[in-house]
Amino acid sequence: QEIKVAMAAVPISRHYLQVMAYHGWHTDLLSHINIFQEEKNMTPETIFAIVAIPVALLFIFVVFGYLKAPPDTAFIISGLGKKRILIGKAGWRVPFFERVDKLSLSVMQVDVKTSEAVPTNEFINVSVDGVANIKISSDPELLKRAAEALLGKSRQELVSLVTQVLEGNMREIVGSV
């Protein structure tokens, strides 16, 4: 009678009854009901979802998260944790949560010309033209400073900024000669 009461409370399939008959009536009825309910919830769609979601997340992480920085470019990764810098090596970022900015470490040539004659110590007016080769250092501490000041600027903006500084320094040097 206990079995009939349990069967009335929980719908039991023919397969379940065969399993119970095979194991014998002396087994725990509640454990069989729990096993049956777990088997009932595991449809092929559920199993596919359980497998497909982690595989899709892993695929997104691998495809969008892998970075390989060339030796003449610094990849600055910012976002979740502290800033990380990659130069000439590979690394990972968390897609959608971390941002990658690039800073060129190649040599840039800057033409430096005084716009007007600069007087020397002896009051002789001199016009000076020069060329400077500049490069952002790959030293981690200096690169962090450069990233704060120069990140997001185009190459032309960098050359313009450096030109102004170098012209001022050139006028100072010529004035002290």
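Atom set for the values below is all heavy atoms of this structure, side chains included, hydrogens, waters and symmetry mates excluded.
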Legend entry - Stepwise side-chain contact (heavy atoms from CB on, under 4.5 Å) check, S160 with K153: CA-CA 11 Å; S160 175; K153 295 189 186 222; over 6 Å; no
Inset, instruction - Using a cut-off of 6.0 Å, state whether more than 12 heavy atoms not belonging to K144 lie near its atom NZ. - result: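 Atom NZ in K144 is not crowded, with 12 or fewer foreign heavy atoms closer than 6.0 Å.
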Minimum heavy-atom separation for [X] and [Y], please, with both atom names.
X    : Y    : result
S104 : I136 : O-CD1, 3.6 Å
I85  : P140 : CD1-O, 4.4 Å
L105 : S138 : CD1-CB, 4.2 Å
V118 : R171 : CG2-CG, 3.6 Å
E98  : G81  : OE2-N, 4.4 Å
S137 : L142 : OG-CD1, 3.7 Å

Please tell me if the side chains of [X] and [Y] come closer than 4.5 Å, counting only heavy atoms from C-beta onward.
X    : Y    : answer
Y66  : P95  : no
V112 : N169 : no
I87  : L143 : yes

Legend entry - Expected output: side-chain R99 to main-chain I76 donor-acceptor under 3.5 Å: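 No, because the side chain of R99 does not come within donor-acceptor range (under 3.5 Å) of the backbone of I76.
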Legend entry - Main-chain N/O of I77 paired to R84 side chain as donor or acceptor, under 3.5 Å: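 Side chain of R84 to backbone of I77, a donor-acceptor pair under 3.5 Å: no, none is there.
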[X] with [Y], same ILVMFWY side-chain cluster at under 4.5 Å:
X    : Y    : result
M108 : L151 : yes
I53  : V51  : no
V126 : M170 : yes

Legend entry - Option from L166, V131, D129, T163 for which side-chain contact (heavy atoms from CB on, under 4.5 Å) with K113 holds: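 Among L166, V131, D129, T163, the one meeting side-chain contact (heavy atoms from CB on, under 4.5 Å) with K113 is D129.
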Inset, instruction - Go through the structure and list residues passing ring-ring contact (aromatic ring centres under 6.0 Å, His included) with F61, not counting sequence neighbours. - result: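 By the ring-ring contact (aromatic ring centres under 6.0 Å, His included) rule, F61 matches W92.
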Got a second to check how far [X]'s [atom1] is from [Y]'s [atom2], nearest 0.5 Å?
X    : Y    : atom1 : atom2 : result
L103 : L158 : CG    : CG    : 7.5 Å
K102 : L86  : NZ    : CG    : 11.5 Å
Q109 : I134 : CD    : CD1   : 10.5 Å

